[in-house]
Structure formats: structure tokens, C-alpha cells
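Naming: A, B, ... by sequence-line order, numbering from 1 per chain. Note that these values count all heavy atoms, side chains included, but never hydrogens, waters or copies made by symmetry.
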Protein chains: 2
Amino acid sequence: MPKSTFFNLHDSKRAKLLQAAEKEFARVPLSQASIANIVKLACVPRGSFYQYFHDKEDVFYYLLKLHTDKRRVYFLNVLKESNGDLMDSMDQVFRTMLIELTEEEHLKFLKNAVLNVTHEIEDSFTELFLGKQHEVDAVNQVRDLVDFDKLNIDSKQEFFHVMQILTSVTFRNIVDKLSRNLSHEEAIENFRIEMDLLRKGLSKANSEG
Amino acid sequence: MPKSTFFNLHDSKRAKLLQAAEKEFARVPLSQASIANIVKLACVPRGSFYQYFHDKEDVFYYLLKLHTDKRRVYFLNVLKESNGDLMDSMDQVFRTMLIELTEEEHLKFLKNAVLNVTHEIEDSFTELFLGKQHEVDAVNQVRDLVDFDKLNIDSKQEFFHVMQILTSVTFRNIVDKLSRNLSHEEAIENFRIEMDLLRKGLSKANSEG
DNA sequence: TATGTTAAATGACACCGTGTCATAAGTCAA
DNA sequence: TTGACTTATGACACGGTGTCATTTAACATA
């Protein structure tokens, strides 16, 4: 998290800093991004950067969090409007993300973020759907919206694992779309196939028994 | 890939280099590893390193490939011995990996690799099961071993997606185990729950129809 | 053995980025 | 105005990277 000094800044300067950082992280992946470029873009002296942030990872994950928070709100709304249909909602969010990724700036930022996946980023993706891990309130927020009659699970404890599975597969599909430069149609078709497989199950036994 | 010079080296020197590199990558994640340390450990001058490799990523991914190749052979054997039961084989490989991860050196290397997940690493994990992407032979090698009567899929084209799903979820479980320091029992239990969910399907509709 | 040719080894060096720190400049209350 | 505290600033020390000119080794050929 940025230092308190950062949050004491005028709105305009704060925005300027974030904008500069996002631009740099859109240019190259995290490991190649340089603080030198960020301060040049934002027109602030190098020392100031360290007044606001601990290091470049600090800004980077803060930016990512801003993105994630926005999407999470959207996800919760979709879930409401679909009367708690979890699979359909994942589908909807996946499609919306693909559309968002046509906006040049955000695309490049997210592309660099996602392709250069660190464990923290996959976690932040999970948070999109489940909220901050181990924060029970956030998990409940989703769980209360989900229509369990549409899910094939015995215990509410299994719900957590359902979300883990859906998140892993969805994330994978986003990464694939970006790394292989798939068209929207291809990406959606791939995702549809995998969601269908998840719905009906991979093992034949159950459709016989 | 390392340069040809590297492969012309005496076996002992090549091994020494790789051992030094693995030790450094076991110490810290890729981004923090330094070539300076590797050459110090291997007792070779700095310039030599660049005679053998393009950069540190080059050694790193080569090491990772050596690990992956070894596991892939094992996976194919398990698949044979289980008469093509895909789900059971994934289970078996997952358990074996957990056991391998008790060996200190390899644990730390893989932990750093997996936690600091880059897109390339998840890809290399997929290759473990599917072989190099777009190399048709490698995919067929697995597909020919799989018993399709145990799988709930209509077309062989769906097989690829089944593997994608299984790989994503398995990979996620390995990452979780390492990042949250789960015990073997917990990790196996989590994995079992998710594999069961995948088997039976997430959606209720199919168990009714 | 002498000679030429190619491959490999070596470490000094220029370059770049990081994070720190001493100092200067504000802010605000008494 | 003074003092206490917060923020700004940029020079600097440190460490890592990749290159390159030079040396050394390997080996073929006459």
C-alpha cells in the first residue's frame, strides 16, 4: 500500500502519478518498468516517489487493486440481475472483460499484468470474485447472492472450491486470449466449451448413475 | 535456450553451472536472482556466463524444462499403468509432486518458480501434461493413452479443453499448497474435493436430466 | 614443428536503475 | 517569530547488467 503521504496529496497530483505509473506499466511488464520513467512522466523528482511509495511493486499492485475493485462491484451486480446464476454470471463477466480489453491503454496494462503473471496477480483475480481471502464478509457477500438450487453441491463448504475452480479456468482463458491474441469469437467459444464441460462434469460415471 | 557453447562444455562443468544456477534460483525468486551470484557459485568468470546463456531467464527456463521433461515421462507412465484413467492419473501425479516437494533443494527452486508465476511457467506446467503446445505428436501421445470411455465428452476436440481445465486446477492447487504452506493432508483433501466436483459437474441440471 | 584459423575465456568497463540521506522548503499552531 | 513537524529535492553510493577488446586454447594443415 502507498504511504500516507500519497493520500495527503492533492487529487490532481495523485491522479497524475497514477496515470504516469499506469502508462509505464502499459509500456513494459513489471520487471522492466522503471521508476525513472514514472517520475519523468509525472514530472516529480525521484526522491518524491519514495515519499509516496515503497517501491514499484507498491504502485503496481495498488493500480491493480483499483482495477479489481471496480470489476468486483460489477460482478456483484451481474450476479444480482441474473438471480444468482453463478455460471451465467461468470460467463457475463468474462465477456465484459474481453470488451474492456479493446481500450488501448487498459489493454496494455492488463496484458502486461496478466501475461507476466505473478502469484499475487492470480490472487487478485480470485479476489475479484471471492473478495479478499480470509475476509469472511466478502465471501459471504457473494455466497448470499448465489442461487444454490442451480449448483450441484452438497455442502456450502464446497462452494469455496467451486469458486476456486471457476476462477482458475476463467483466469486461464483470459491469459490465453491475451497471449495467443485470440479473437473475441475464439476466446468466447473456448470459454463456452470449458464452462459447458464444467457444468456437465468431466467423468462419464455420473451421467449413467 | 542456452547457446551452443554451453552444450560443448565438459559434462562436469555443465553440471556445475546448472547446479549453481539452481541454488541461486532456490535462494530467491527469478527477479531477485543475480548472475553475479551464479558465476561466484560456479567459479567461472562473469564473461563466460554470457558465452553460455543469453541472460538469467535463459538458464532459468532451461532448468525448468529439465524438471518438466522428467515429470512428463512419469506422467505418461502413470497413465499407462492406470489403463488410461485420466482423472486418477492427475491425482497420482499431484500426490507425487507433493512428495517430491519435501526435498529441500527442489522445493525451494519450485516454490520460487511457482509462486512467482509468469505466464511461461504456467505454460510449462501445461506442457507437462499436454506436451509442447501445437506439437501435435505430443498431444497425441497423451490422447492415445487416455481411456475415453471414462470421460464424459462428445468429441475428441473437447479433450484438449478437458486437459486445459485439469491443468489449470491442478496448477492452482500446487500454488496454493506452496503459498499457504498447507500440509500434505490439507492439500490432498482440497485437491480431492475439486477433482470430485470436476468429475460430477458443477451444475445441477445434468444430474436431474 | 610451425602456422594459421576458429572457438572459447576473461575481466575491466560503461551504462543504468535503485534506494537513501542530508538539506531545503513548506505548513501550521502558539 | 519561533519551533515542531511534514514534505520536497536531487546528489550519491551501491550493485547489477551486458559488451568488448584482448588473451588463451584447440585443432587442422603443411
### Task
Would you please name every residue forming a side chain to side chain donor-acceptor pair (under 3.5 Å) with B:Q51, sequence neighbours left out?
none

Quick one: side chains of residues 101-108 of chain A, donor-acceptor pairs under 3.5 Å with protein atoms, not counting sequence neighbours, listed by atom name and distance.
unit_1	atom_1	unit_2	atom_2	d
A:T102	OG1	A:I99	O	2.6
A:E104	OE2	A:K108	NZ	3.4

### Message
Please tell me whether A:F60 and A:F109 form a close aromatic pair, meaning their ring centres lie under 6.0 Å apart.
### Response
yes

## Note on the structure
Here the distance between atom C1' of D:dT17 and atom CD1 of B:I38, to the nearest Å, is 13 Å

### Residue-level proximity of residues 39-54 of chain B to DNA chain C when a heavy atom falls under 4.0 Å
B:P45, B:G47, B:S48, B:Q51, B:Y52

### Query
Considering residues at least two apart in sequence or located in another chain, which fulfil the salt bridge (Lys or Arg N to Asp or Glu O under 4.0 Å) criterion with A:E100?
A:R71

### Residues within residues 5-17 of chain A bordering DNA chain C, heavy-atom distance below 4.0 Å
none

### Message
Could you tell me the boundaries of the chain B footprint on DNA chain C, defined by atoms under 4.0 Å from its heavy atoms?
### Response
C:dA8 to C:dG11

### Query
With B:K65, which residues qualify under salt bridge (Lys or Arg N to Asp or Glu O under 4.0 Å), at least two apart?
B:D69

### Partner set under salt bridge (Lys or Arg N to Asp or Glu O under 4.0 Å) for B:E22, not counting sequence neighbours
none

### Message
Once side chain to side chain donor-acceptor pair (under 3.5 Å) is applied, do any residues pair with B:N190, and if so which ones, sequence neighbours excluded?
### Response
none

### Task
Just jot down the side chain to side chain donor-acceptor pair (under 3.5 Å) partners of B:D91, sequence neighbours excluded, or say none.
B:R95

#### Entry: Partner set under salt bridge (Lys or Arg N to Asp or Glu O under 4.0 Å) for B:K56, not counting sequence neighbours
none

### Summary
For residues 26-53 of chain B, the salt bridge (Lys or Arg N to Asp or Glu O under 4.0 Å) pairs (sequence neighbours left out) are B:E24-B:R27

